[in-house]
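Below is one structure, written out as structure tokens; the observations come after it.
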Amino acid sequence: MSIRQVRMRRRAAMPAILAAGVLAAAACGGPPGQAAYPARDVQIVVPYPAGSSIDTTTRALAEVINDQGKLGKRVQVVNREGGAGSVGTTATLNAKPDGYTVGILPDGPLTLVPHTEEVSYDPRNVSVLSEVTISPVLFVVPADSPYRDLRDLIDAAKARPGSITLGEGPLNYAVPAEKFEQLTNTRFRHVSFDGDQATTTALLGENLDVGVMQLAGAFAQLESGKVRALGIASAERIDLAPDVPTFAEQGVDLEWEAYNVVVAPPGLPDAISTKLSEVFASAVTSAPFRQAAKKLGLVVSGADGAAAAKRLTDKSAAAADLLAPSR
């Protein structure tokens, strides 16, 4: 066989070889020379310290993801606390959009904080992948409180304006507290706390009349009977606290819930977004994670990225009229 014939056969075979190479690369998730995603472990940023509620939630979810093995690599939780969640949120959203940095964030840094201060990220330009958990807001009182429901509280507040102490603090508590006053034409003496643990301590010490808390933060004390919930700001009663009536049931048109969401930097490629969304959705809806969430007093969501993004937008709009004047 001549050299010319050999070259002609090689040229004829070349398209098939190239096609096979393209198919192999596609199977690996990218063009020739590009490694399949993920080629290394994925970092999950938590914007609060180790041991916090969202940290515990994230680590439970990460354990399920790693056990399921559907990502192909492991996920690792990294705490980047500070600035009421803004440090970790900034680190997540300003990272390279390559799928190796995602964050599990409370909604506050995306829906509330940007109304009150300048932030180093654009809360409207986020790759929202999934919603993990929901925690409705409650009004909680000591077990021996004279207030049995919201009507008792409203009547007492109207009789003694500004004298009943109401514990709030973070924006996810301050906003519904102020909204409650507007809707009921009442006025309380507001006391600011750093979080649910501090509010609980004040309630148990009977140094506070009413605490604005998330269900997750009050869950253990509600279970033990040391505190009592007057109402829950969810659309419907919650299975974890079925005896607690909603605000709406008691004539107060107030719904307010906190969300933990999975987000990534803007510009995340569609293929990577789909992969991560599927992995997180599988873990969130799994029996092990549901059991872990229940122990923490969290309602499992599992809403997809589009639904979660809409919920964030709606909540930000609902808070704007209360928070924008304080900028």
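This is a predicted model, so every value here is computed, not measured.
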Inset, instruction - Using atom types as modelled and distance alone, determine if a side-chain donor or acceptor of Ser130 lies under 3.5 Å from a backbone N or O of Val132. - result: no
Legend entry - Arg151 and Asp149 ion-paired at < 4.0 Å: no
Legend entry - Close side-chain approach of Pro136 to Gln214, heavy-atom, < 4.5 Å: no
Inset, instruction - Step by step, work out the side-chain contact (heavy atoms from CB on, under 4.5 Å) result for Val140 and Leu203. - result: CA-CA 8 Å; Val140 180; Leu203 287 169; 4.0 Å; yes
Inset, instruction - May I ask you to check whether over 12 heavy atoms, not counting those of Arg311, lie within 6.0 Å of atom CZ? - result: yes
Inset, instruction - Please tell me if the side chains of Leu110 and Thr89 come closer than 4.5 Å, counting only heavy atoms from C-beta onward. - result: yes
Inset, instruction - Go through Asn172 and Lys315 one step at a time and tell me if the side-chain hydrogen bond (donor to acceptor under 3.5 Å, both in side chains) criterion holds. - result: CA-CA 10 Å; Asn172 251 322; Lys315 183 170 181 177; 2.6 Å; yes
Legend entry - Cluster check Val102, Val87: I/L/V/M/F/W/Y, side chain < 4.5 angstrom: no
Inset, instruction - For Asp239, look at atom CG and say whether over 12 heavy atoms of other residues, nucleotides or ligands are found less than 6.0 Å away. - result: no
Inset, instruction - Report yes or no: does Ser145 contribute a side-chain atom to a donor-acceptor pair with the main-chain N or O of Pro142 at less than 3.5 Å? - result: no
Inset, instruction - State whether Arg187 and Glu181 are salt-bridged, where the test is any N-O pair (Lys NZ or Arg NE/NH1/NH2 against Asp/Glu carboxylate O) under 4.0 Å. - result: no
Legend entry - Note, Arg189 side chain near Ser163 side chain (heavy atom, < 4.5 Å): no
Inset, instruction - Measure centre to centre between the rings of Phe139 and Phe247, then say whether the value is under 6.0 Å. - result: yes
Inset, instruction - Check the hydrophobic clustering (I, L, V, M, F, W, Y; side-chain heavy atoms under 4.5 Å; chains of links allowed) and say if Leu129 and Phe289 are grouped together. - result: yes
Legend entry - Pro47 side chain reached by Pro106 side chain, heavy atoms, under 4.5 Å: yes
Inset, instruction - For Ser282 and Lys70, test the side chains for any donor-to-acceptor distance below 3.5 angstrom and give the result as yes or no. - result: yes
Legend entry - Min side-chain heavy-atom separation Leu71-Pro38 under 4.5 Å: yes
Inset, instruction - Using a cut-off of 6.0 Å, state whether more than 12 heavy atoms not belonging to Gln68 lie near its atom CD. - result: yes
Inset, instruction - State plainly whether one hydrophobic cluster holds both Leu204 and Leu166, where clusters connect Ile, Leu, Val, Met, Phe, Trp and Tyr through side-chain heavy atoms under 4.5 angstrom apart. - result: yes
Legend entry - Student check: side-chain heavy atoms of Pro123 and Pro114 closer than 4.5 Å: yes
Legend entry - Distance-only donor-acceptor check, side chains Asp107 and Thr111, under 3.5 Å: yes
Legend entry - Residue among Val227, Thr199, Leu222 satisfying side chain to side chain contact (heavy atoms under 4.5 Å, CB included) with Met213: Thr199
Legend entry - Identified side chain to side chain contact (heavy atoms under 4.5 Å, CB included) partner of Glu63 from the options Asn66, Leu61, Ile65, Asp67: Asp67
Inset, instruction - State, without any angle test, whether Asp41 and Tyr100 hold a side-chain donor-acceptor pair at a distance under 3.5 Å. - result: no
Inset, instruction - Decide yes or no for Val119 and Val113: does some side-chain heavy atom of the first lie under 4.5 Å from some side-chain heavy atom of the second? - result: yes
Inset, instruction - For residues Gln76 and Val42, determine if any side-chain heavy atom of one lies less than 4.5 Å from a side-chain heavy atom of the other. - result: no
